[in-house]
There are 2 protein chains.
Amino acid sequence: MINPILSPVQTSSRDDAVLNALVDFVASEGLKPGDRLPTERLLAEYLKVSRTTVREALTRWQELGLVERRQGSGTYLRSAVTRNMLHMPLTLPSGNDFNSLMHTLEIRRGLEAEAAVLCAERASDDDIAFIEKKLVVMEEAFHARAGMSSEEDWDFHLAIFQTSGNPLFEQIIAAMYEMFHRFWEHPLGVRDFGHASFPYHRTLFNCIAARDPVGARAEALKLIATVEDDLRRGAANLRKQSKT
Amino acid sequence: MINPILSPVQTSSRDDAVLNALVDFVASEGLKPGDRLPTERLLAEYLKVSRTTVREALTRWQELGLVERRQGSGTYLRSAVTRNMLHMPLTLPSGNDFNSLMHTLEIRRGLEAEAAVLCAERASDDDIAFIEKKLVVMEEAFHARAGMSSEEDWDFHLAIFQTSGNPLFEQIIAAMYEMFHRFWEHPLGVRDFGHASFPYHRTLFNCIAARDPVGARAEALKLIATVEDDLRRGAANLRKQSKT
DNA sequence: ATTGGCACAATGGTCCAACCAATTAAACAG
DNA sequence: CTGTTTAATTGGTTGGACCATTGTGCCAAT
């Protein structure tokens, strides 16, 4: 490891320069997600680089999900961009098998417990009221549909992450959550998936409301444990089916 | 959400075809991380696409960290690649202020504890021997230089993450680690930064060697706590300096 | 025989100019 | 006003050329 002061990162490649310029442009124009970026040809002309270089830079942003390209239409911003962003490309080999899904839950186990602790430590009265509102919505949806609903469930957890005061929780867990649910909306024929986790949402909230970090961690762990259990049952179902 | 079995991935763009072919090639040749891939010109000729398309595909893999390109030398594999890899690129606004650094430690607190638990549960005798070797190297470096050394320290933790059996731990924590050390090689004049964490490396190892998940979690948490403490002292130093 | 420097080939990086394919919007016929 | 056709726009692809860096092997000086 080298002291960064002694080795100021040389900008080097042209791509980075293009992307930095693009960040500045987005900032100066106040562009938001959904807005259209200048065409590749315009950028090439304006930045005095070839269109190839512009395309290579945009390809990188596209791969990071920062930008979306539609042939014949244009290039559109998909998320906020800033200078000095830290990119963390997570790659899971064969993301749709049992082990990979369990891996995402192991990450969630560690992070959700920690987020619950911080939330319980830092929540203001307003925060708690907000979380409870999300909880009630989730519980109503549960009773209305006689089952867990991803949407409202996620909103509840989201409220906890945001109250933790650390934006990293939301982003990382959201990635895990998406990985998980990309293949498992009704995982492997387990109809009541998530059912078992229901009661722990309120017990978790109670601990947070009581500013009980230790209890909050315990309840969060129980909640994840039920999901892991559902996943195992799903895997067992799958094995049974494949035997038939 | 759609069941992937019902929506077989549409062949879509040429890039994906190139990357799929490349995965097969890597598999058939048995290439491992560090090995060199065919040159762009060869790939273009063999796959019957233009070199531009090959470059675009490789640019995407490079952005995901799967591959490294060295001008004048070649393109080298950096990690195992498989078909159906699941990519989840996160981009975080890179903060170098006190709060952002503390946020990375909060993530590490949750994940390192969890990784330690899984490591203690799953480590084979060979794994433990390997981890101990890394520990000894770190301890020797510590005594030789009279201080923590990032390199050997990281290797020790890395061995634990790898033994956990979940590749996500390494990837996520590595990102946190990089974010942290990008600005804090000798953080804010705290000369003995990391000193306090030293003894907990061995106590953590002892718990792992004894297959004691609960103890491993506790020691991992103590270790991170010392780093957090160092960070707070650094921030205090900074405030003192700015007053002068 | 070893070493140092030099020329040359190989490789990724950039550029250009054209054309293809999808989209969008304008022009047009009904 | 409506539906279709047409043209312009935009990202996607191609081929070829040249630049910048790296690695290698040759050769001369020591």
Side-chain angles (χ1 to χ4, degrees), chain A residues 7-23 25-26 29 31-79 81 87, chain B residues 9-23 25-26 29 31-79 81 87:
Chain A
S7 70
V9 179
Q10 49 188 350
T11 147
S12 61
S13 63
R14 294 271 229 285
D15 318 355
D16 291 331
V18 169
L19 292 181
N20 282 331
L22 210 42
V23 168
F25 177 82
V26 168
E29 295 289 311
L31 297 184
K32 299 182 299 180
D35 290 343
R36 215 182 98 169
L37 297 177
T39 70
E40 299 174 348
R41 290 168 176 87
L42 278 179
L43 286 173
E45 181 187 4
Y46 182 71
L47 298 175
K48 295 283 188 280
V49 294
S50 76
R51 194 181 149 214
T52 309
T53 303
V54 171
R55 279 188 59 77
E56 180 148 337
L58 288 177
T59 297
R60 292 174 48 194
W61 268 16
Q62 184 181 37
E63 195 64 16
L64 295 176
L66 298 179
V67 114
E68 177 185 352
R69 300 207 284 202
R70 292 185 223 141
Q71 186 173 177
S73 177
T75 303
Y76 299 83
L77 207 56
R78 260 171 64 92
S79 101
V81 294
H87 303 299
Chain B
V9 180
Q10 48 188 350
T11 112
S12 63
S13 58
R14 293 271 230 286
D15 318 354
D16 292 330
V18 170
L19 292 181
N20 282 332
L22 209 43
V23 168
F25 177 82
V26 168
E29 295 290 309
L31 298 184
K32 298 182 301 181
D35 290 344
R36 212 180 104 173
L37 297 177
T39 70
E40 298 174 349
R41 290 171 175 85
L42 278 180
L43 286 173
E45 181 187 4
Y46 183 72
L47 297 175
K48 294 284 187 282
V49 294
S50 76
R51 193 181 150 213
T52 308
T53 302
V54 171
R55 280 188 59 77
E56 179 146 337
L58 288 177
T59 297
R60 291 174 48 194
W61 267 16
Q62 184 181 38
E63 197 64 15
L64 295 176
L66 298 179
V67 114
E68 178 183 352
R69 283 145 92 156
R70 292 186 223 137
Q71 185 173 178
S73 178
T75 303
Y76 299 85
L77 207 56
R78 257 172 67 91
S79 109
V81 294
H87 304 297

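Letters go in sequence order (proteins before strands), and every chain restarts at 1.
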Legend entry - salt bridge (Lys or Arg N to Asp or Glu O under 4.0 Å) partners of A:R69, counting only residues at least two apart: A:E40, B:E56
Inset, instruction - Say whether, by atom type as modelled, one donor and one acceptor occur between the side chain of A:R36 and the main chain of A:S73 under 3.5 angstrom. - result: yes
Inset, instruction - Would you check if the side chain of A:N20 reaches a backbone N or O of A:A17 as a donor-acceptor pair within less than 3.5 Å? - result: no
Legend entry - Segment of DNA chain C, first to last nucleotide, that comes within the 4.0 Å heavy-atom reach of chain B: C:dT11 to C:dT14
Inset, instruction - Could you encode protein contacts along nucleotides 8-21 of chain D as a string, one character per nucleotide from 5' to 3', using B for base contact, S for sugar-phosphate-only contact and - for no contact, with a heavy-atom cut-off of under 4.0 Å? - result: -BBBBBBB-BB-BB
Inset, instruction - List the atom of A:G34, the atom of A:Y76, and the distance in Å for their closest heavy-atom pair. - result: O-CD2, 3.6 Å
Legend entry - Whether over 12 other heavy atoms sit under 6.0 Å from B:R51 CZ: yes
Inset, instruction - Flag the pair B:W61 / B:V18 as yes when at least one side-chain heavy-atom distance between them is below 4.5 Å, and no otherwise. - result: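 They are not in side-chain contact.
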Inset, instruction - Using the side-chain contact (heavy atoms from CB on, under 4.5 Å) rule, take B:L58 and B:L22 through it: C-alpha gap first, then chi angles, then the decisive distance, then the call. - result: CA-CA 10 Å; B:L58 288 177; B:L22 209 43; 3.8 Å; yes
